[in-house]
Amino acid sequence: MMKSGIQKKYLIHMVILLLLALLLSSFGVWIYVRGSMTEALIDKHEFMTEKMGLSLDNLYQKSDEVTAECIFNDNIQESLKARPLDELARSTLSKYFTYIDLDQVADYCYVDNKNHVYTRFYSTISYADFEKSGLEKYLDGTYAETRWFWAKDTLFGSGQDALFIGRYVRSMEYAHEPGMLFFKMSESFLERGIGGRNSISEGCVAGILDSSGQICALWSPEGYEMPDQSLDSIRKLLPAGDSTGMIWEGKRTPEGVLSVYRQAAGGLLIFTFVPDIVLNSGAGRIILVLSGIYLFVVAAAAALSLYFSRRFTRPIQMITETMTGFDGQDFSRMIELHTHTELDQIGQSYNEMLSNIEKLLSEIKEQEKSLRTSELNMLISQINPHFLYNTLDTIYMLARMHREEAAMQMIQALSKYLRLSLSKGCDIVTVEDELENVRNYLEIQHIRNERLFQYEIICRVDASQTYVLKLILQPLVENAFKYGFCSIFEGGVIRIEVYSEDTDVVFCVRNNGTPIRTEMAERLNRLADMPFSQMKKVFPDQTHGYGTVNIVTRLRLKYGNGIHFFCHAQEDGTECVIRIPEERMVVHEE
């Protein structure tokens, strides 16, 4: 019994693939063998048909020569003269036909031009009987040619269809009316003339049709009937025509294969027919043998697969039981395999994984201790901003007492900047607060660099009701001082503009300092479409563009991939633009 699902699936798939391969190979073998055997069988019967046709040609030639000899006989030529033969000559002439050189003559009849009938001595056939037989009409259209025809025997009394050989007998000296000579041939005449049944392959059909489409002879297996459709196909070849030879060579029909030979002089068609059952019988026997071999192969392959699959599934079962039995506590349950296969690596990897999990658990416990310590330190550090604000207020009062206006302005701006930057721990602020925050930063920089720059802030949105991620403008302004104004000493201008466009809120920061380098702008503009794991790799040294990377990272984490960020150099400076889609705006909650 198979306990392993892998083993069961393996065996099922293996058997299916093997059966499919055997089925396809069997089909290919059957097609090839059937085609080869069919071609060989067709060639054989084409040869047999042609051989029968040539034998029939020879037989006709023989009959033509015999009837020609009869015409040259002295007594026959005398019978055509005006004076009738005496009794002795008539008796001699009647006996002459008995000894002609033509086998299988069942009966004969010679009628001279004076309506005298010459037959066997015991026959009592009169000229009236001859006229009633209707044999004369079969010679219509001929002059002195030998004619073969198939007709009902009413002349000699058998009443059955028989093959007749007839010919006009004309005088060699005078232009008299011709006589007529008829030979009735025995049933075995054609069979013996073409070689008999032994020349016809077993299971096949052979036959002869006369010029009227009547079957003169037919040899077929016992109990088998020639299909009418195939016979009709042969009859369509009539009238026989003037050429002698093969006219059909292995022609396919719905029931089998036909080969036809035309014997034009006798007006006959000789055919052989190979039924499909004969064509397929040889291939069927081969397929039967192959099926037996394939069944043995399938059984042997299934047995061997079962044996070898057990050898491979036992280690898998061991791995499964060990892994499913792991409770997360006992790390000593290791897997020991020695199969010399990839399963050994799986077991080794599992053992290494247990060791790593054990180490990770220890590290997590240590991290939890550190986290609790950090949380305590954060609670303590929350007091520090209040102390800083109070200290700044004290410094502000002292500067006021001593009338230090510049110091007062810087302290006041710094205090506001810090309050807005902290924002009570909130990430989302109003546009009004964000602009106030960057204004305080600009004021501090303006006091430090009195004549270096001027700034302008324009807002075309409802700043108190529109919310945005905090601290996205200050790093851009800082970049203007660090990189844009690094080579000037006065006359700098920073312009900050906020407006709506379509469904976006747009933040634009411009400066008239040194334009940003094209290569740097291209690197920054790729940030909005770059995977997070690669964003910081764009500026690995954290000395250039790192603040911009943080802005884009925070925007994407907050608003998703719908944000747009791009920088580009202008003739008189640099412009940086941030677009935030309206549908991704986060509603501020108190």
Side-chain angles (χ1 to χ4, degrees), residues 26-60 148-150 161 163 187 190-191 193-288 290:
S26 299
F27 181 73
V29 169
W30 183 78
I31 292 295
Y32 175 76
V33 171
R34 183 179 183 274
S36 298
M37 294 187 67
T38 299
E39 186 176 355
L41 197 59
I42 290 173
D43 290 342
K44 176 182 177 181
H45 284 84
E46 286 178 5
F47 174 75
M48 183 180 71
T49 305
E50 189 170 16
K51 181 181 177 182
M52 291 171 59
L54 293 174
S55 298
L56 202 60
D57 284 339
N58 293 333
L59 200 60
Y60 176 84
W148 287 20
F149 58 91
W150 195 260
D161 289 338
L163 176 64
E187 294 180 0
L190 291 176
E191 182 176 342
I194 62 176
R197 291 181 178 272
N198 295 332
S199 64
I200 303 172
S201 300
E202 182 180 357
C204 298
V205 180
I208 301 174
L209 295 180
D210 66 6
S211 58
S212 65
Q214 188 174 2
I215 297 177
C216 301
L218 185 66
W219 301 277
S220 62
E222 185 176 355
Y224 182 82
E225 294 184 2
M226 179 72 178
D228 292 337
Q229 187 174 357
S230 296
L231 282 174
D232 292 339
S233 299
I234 300 172
R235 290 189 176 102
K236 290 179 181 179
L237 299 174
L238 297 171
D242 298 329
S243 61
T244 295
M246 293 292 294
I247 53 177
W248 273 1
E249 298 180 358
K251 180 179 177 60
R252 289 292 311 184
T253 68
E255 301 88 2
V257 176
L258 269 173
S259 296
V260 181
Y261 183 95
R262 174 183 286 152
Q263 205 285 315
L268 303 176
L269 294 177
I270 301 95
F271 67 88
T272 58
F273 176 74
V274 187
D276 282 333
I277 190 172
V278 175
L279 293 174
N280 298 330
S281 61
R285 288 192 292 269
I286 293 176
I287 293 300
L288 186 62
L290 286 176

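What you see is a predicted model, and the numbers here were worked out from it, not measured in a lab.
For the pair Trp248/Thr253, no side-chain contact is recorded, criterion being any heavy-atom separation below 4.5 Å from C-beta on. Side-chain contact between Val205 and Thr272: absent, with no pair of heavy atoms (C-beta onward) separated by less than 4.5 Å. Using a 4.5 Å heavy-atom threshold, the side chains of Gln229 and Pro254 count as touching. The shortest side-chain heavy-atom distance between Ile215 and Asp210 does not fall under the 4.5 Å cut-off. In this structure, the side chains of Ser230 and Phe271 stay at 4.5 Å or more apart for every pair of heavy atoms.
In this structure, the separation between CD1 on Ile208 and CG on Leu268 is 6.5 Å, given to the nearest 0.5 Å. Interatomic distance, CG of Asp161 versus CD of Glu187, reported as 10.0 Å (0.5 Å rounding). One distance of note links CH2 of Trp148 with CG of Leu163; it measures 6.0 Å at 0.5 Å rounding. Interatomic distance, OH of Tyr261 versus CD1 of Ile247, reported as 10.5 Å (0.5 Å rounding). Note that OG of Ser233 and CG of Leu258 are 7.0 Å apart. Values are rounded to the nearest 0.5 Å. In this structure, the separation between CG on Leu237 and CG on Leu209 is 9.5 Å, given to the nearest 0.5 Å.
Between the side chain of Arg262 and the backbone N or O of Thr244, no donor-acceptor pair lies under 3.5 Å.
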Using side-chain hydrogen bond (donor to acceptor under 3.5 Å, both in side chains), reason through Glu249 and Ser259 one step at a time and then give a plain yes or no. CA-CA 5 Å; Glu249 298 180 358; Ser259 296; over 6 Å; no

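The environment of Gln214 atom CD is dense: over 12 non-hydrogen atoms of other residues, nucleotides or ligands sit within 6.0 angstrom.
When every heavy atom of Cys204 is checked against every heavy atom of Pro275, the shortest pair comes out as CA-CD, 4.3 Å. Listed here is the closest heavy atom pair of Gly53 and Ile270: CA-CD1, 4.1 Å.
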